[in-house]
Amino acid sequence: MNLTHHCKAAFSQKDITPDFPVELIGGYRGDGQARGILHRLSVQIVLFELGQERSCLIAIDSLGLTAKLSDELRSLTAKALGIPAARIMLNFSHTHSAPAPLSPLNGQRYFTLLCSKVAEATREALLQLQPCLIGWSVTYSELAENRRDGCSLADKRLGALQIVNAANGRPLALVLRVGAHPNILMEHTDISSDYFGMTRDKLSDEFGCPVMLLQGASGNLKPRGVNTINGGTLQDVERISDLILQDAKRLQFEPSQVERLSLYSRKIEFHSDVPSEEQALQIADEARARFGIEGASWLDECERLRQAGIVSQIQETSVQFFFLNEGCFCGLPDEIFCEISLEASLRVESQLLFLNGYTNGCAGYLPHREEWEKGGYETLYSYLMYYPYHGHVLPYRKDTAQRIVELVVAEWHREGNG
């Protein structure tokens with residue numbers, strides 16, 4: 001086989017577990033400080049090179065960075081690779097047992113560690129590039145269930161991208177897209193990759209190559225059979241990882257040459273309203289009564305915005321697309337609900353369009369229209385606690401999910417699909 005103009009690929013992985021005190025994020029742990037290490041954390045890189053262009057997919061065991069920190073990490077990586085930051089896609093596992101990067105307890109120190117480890121992995125991947133073939137496959141799993149009252153829909157797809165050595169057919173790496181909150185151990189006080197790390201290890205043994213897990217559209221999905229309030233147990237982690245392993249064994253691949261590789265972003269503006277004083281007081285009362293959330297600082301922020309004459313807040317973000325042959329990973333920073341991803345896939349009539357959240361950051365929940373109208377913790381009351389990180393005091397307007405789907409569908413067709 002003539003490999004002169006063949007697509008090349010490489011995989012690299014580094015340990016990003018801190019050896020200094022950190023605060024954990026994503027649970028209810030008193031002072032929040034990590035007491036030990038249950039499972040180590042990783043950053044994984046898959047690097048592609050086609051012609052003179054490089055594209056990089058990075059998966060990180062983290063609840064998620066802010067968009068600002070994500071952009072900083074992408075810029076540093078882009079400089080090392082000599083490519084635009086738009087050709088680097090980050091995906092966060094969203095484990096609820098990882099260090100808080102904005103914490104006064106070594107948050108900046110941990111972010112610096114993460115950046116250095118990504119740089120190491122990048123340099124290593126550059127030295128390991130070799131001609132490759134790729135193949136897509138989809139199977140289905142019951143790993144997730146909907147955690148919203150009255151909802152049963154879940155994205156059951158296990159989407160996989162296999163990368164093999166073009167010369168000998170041996171697997172270089174497997175990228176598996178799942179969809180369920182890694183919050184099983186959110187009550188534990190130890191650092192953990194939750195079910196992600198254990199699943200990767202089991203799948204690596206099964207497929208004979210490194211395995212990267214990507215988090216999908218799981219804003220309203222939890223691991224099946226796990227308590228949504230108090231979290232779960234180590235036995236639950238074992239059970240979920242075994243379930244994924246058994247389901248993934250059904251994956252079948254037919255690797256072929258890379259005929260299309262395209263990684264780019266499209267900007268989109270999101271709008272959210274600022275509540276009136278009466279609306280804000282009602283929301284705060286409901287949050288306190290239903291979830292014990294104290295919204296004093298949120299009320300102050302709403303008042304500040306009203307006094308400044310701000311009636312709506314605008315966020316500019318990007319939806320990023322990674323097309324490889326007939327499949328696509330795409331995503332945005334928000335915790336999108338599974339219905340959004342399923343609708344996009346249905347609209348283009350392809351199970352290989354995977355619209356993910358937790359991409360290039362982690363912002364607030366983003367529901368589809370029906371769940372937006374129902375309200376609840378994810379779609380409304382969570383903002384009373386996390387508005388400083390999200391940059392807006394209420395969820396985006398209820399047409400936002402549809403606008404995202406329309407953008408994704410348009411890009412799918414623009415790329416020559418369907």
Side-chain angles (χ1 to χ4, degrees), residues 55 57 64-75 78 84-92 94 155 177 214-220 262-274 310-323 328-348 350 353-373 378-379 382-383 386-387 389-418:
S55 302
L57 179 59
L65 302 177
T66 62
K68 181 179 179 181
L69 289 180
S70 295
D71 287 345
E72 184 177 339
L73 177 57
R74 292 170 73 206
S75 295
R87 297 192 66 83
I88 296 172
M89 175 182 280
L90 307 181
N91 180 277
F92 296 97
H94 201 58
D155 189 344
R177 186 260 198 185
L214 299 183
Q215 185 60 265
S218 60
N220 55 343
S262 182
L263 201 162
Y264 61 92
S265 298
R266 290 283 181 258
K267 292 189 179 299
I268 185 171
E269 280 191 351
F270 294 154
H271 300 258
S272 59
D273 296 317
V274 175
I310 299 173
V311 296
S312 66
Q313 295 175 287
I314 300 174
Q315 298 277 332
E316 183 180 77
T317 190
S318 295
V319 181
Q320 194 175 27
F321 298 85
F322 197 167
F323 286 95
C328 177
F329 294 126
C330 58
L332 63 162
D334 303 87
E335 295 197 55
I336 65 173
F337 281 23
C338 68
E339 292 89 344
I340 302 172
S341 186
L342 289 170
E343 182 179 348
S345 176
L346 181 64
R347 286 275 302 275
V348 303
S350 174
L353 172 59
F354 301 102
L355 174 55
N356 302 327
Y358 316 100
T359 302
N360 300 325
C362 181
Y365 293 101
L366 205 162
H368 68 109
R369 180 184 290 267
E370 290 181 9
E371 291 302 299
W372 190 101
E373 292 174 346
E378 292 92 347
T379 59
S382 63
Y383 284 86
Y386 301 122
Y387 72 90
Y389 307 106
H390 303 334
H392 48 110
V393 294
L394 285 182
Y396 298 129
R397 292 172 180 167
K398 65 180 178 181
D399 67 340
T400 303
Q402 191 60 40
R403 292 177 58 221
I404 293 168
V405 171
E406 295 295 341
L407 172 62
V408 170
V409 169
E411 289 301 314
W412 175 270
H413 292 310
R414 194 185 70 83
E415 284 285 323
N417 298 289

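Only this structure's heavy atoms are used, side chains among them; waters, hydrogens and symmetry mates stay out.
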S.K.: Would you compute the distance between atom CD1 of Ile336 and atom CD1 of Ile404 and round it to the nearest 0.5 angstrom?
M.R.: 6.5 Å
S.K.: Using the side chain to side chain donor-acceptor pair (under 3.5 Å) definition, which of the options Glu335, Glu339, His368, Glu378 pairs with Asn220?
M.R.: Glu339
S.K.: Could you give the distance from CG (Asp334) to CZ (Phe270), rounded to the nearest 0.5 Å?
M.R.: 6.0 Å
S.K.: Rounded to the nearest 0.5 Å, how far does CG of Leu407 lie from OG of Ser318?
M.R.: 10.0 Å
S.K.: Between Tyr358 and His94, how do the two ring planes meet: parallel, tilted or perpendicular, split at 30° and 60°?
M.R.: tilted
S.K.: Going by the angle between their ring planes, with limits at 30° and 60°, are His390 and Tyr386 parallel, tilted or perpendicular?
M.R.: tilted
S.K.: When you compare the side chain of Ser350 with that of Trp412, does any pair of heavy atoms fall below 4.5 Å?
M.R.: yes
S.K.: Give a yes or no on whether Glu415 atom CD has more than 12 heavy-atom contacts from other residues, nucleotides or ligands under 6.0 Å away.
M.R.: yes
S.K.: Quick one: does Pro395's side chain get under 4.5 Å of Tyr383's, heavy atoms only?
M.R.: yes
S.K.: State, yes or no, whether a side-chain contact exists between Thr359 and Leu332 at a heavy-atom distance under 4.5 Å.
M.R.: no
S.K.: For the OG atom of Ser265 and the CZ atom of Arg87, what is their distance to the nearest 0.5 Å?
M.R.: 10.5 Å
S.K.: Not counting sequence neighbours, list each pair that qualifies as a salt bridge (Lys or Arg N to Asp or Glu O under 4.0 Å) and has a residue in residues 390-401.
M.R.: Asp273-Arg397, Glu373-Lys398
S.K.: Within 45 degrees of the axis of the six-membered ring of Phe322 and under 6.0 Å from its centre: does Arg177 put its NZ or CZ there?
M.R.: no
S.K.: Which heavy atom of Gly361 sits nearest to which heavy atom of Phe92, and what is that distance?
M.R.: N-CE1, 3.3 Å
S.K.: Do NZ/NE/NH1/NH2 and the carboxylate oxygens of Arg347 and Glu406 come within less than 4.0 Å?
M.R.: yes
S.K.: Check whether any side-chain heavy atom of Phe337 lies under 4.5 Å from a side-chain heavy atom of Thr379, and answer yes or no.
M.R.: yes
S.K.: Gln320 and Asn360: side-chain donor and acceptor closer than 3.5 Å?
M.R.: yes
S.K.: Checking side-chain polar atoms at under 3.5 Å, does Glu411 have a donor or acceptor matched by the opposite partner on Tyr264?
M.R.: yes
S.K.: Would you mind checking if Arg74 and Asp71 are paired as a salt bridge, meaning a charged N to carboxylate O distance below 4.0 Å?
M.R.: yes
S.K.: So, taking the atom named NE2 in His392 and the one named NE2 in His271, what distance separates them when rounded to the nearest 0.5 Å?
M.R.: 12.0 Å
S.K.: Nearest 0.5 Å please: distance from the CG atom of Asn356 over to the SG atom of Cys330.
M.R.: 7.0 Å
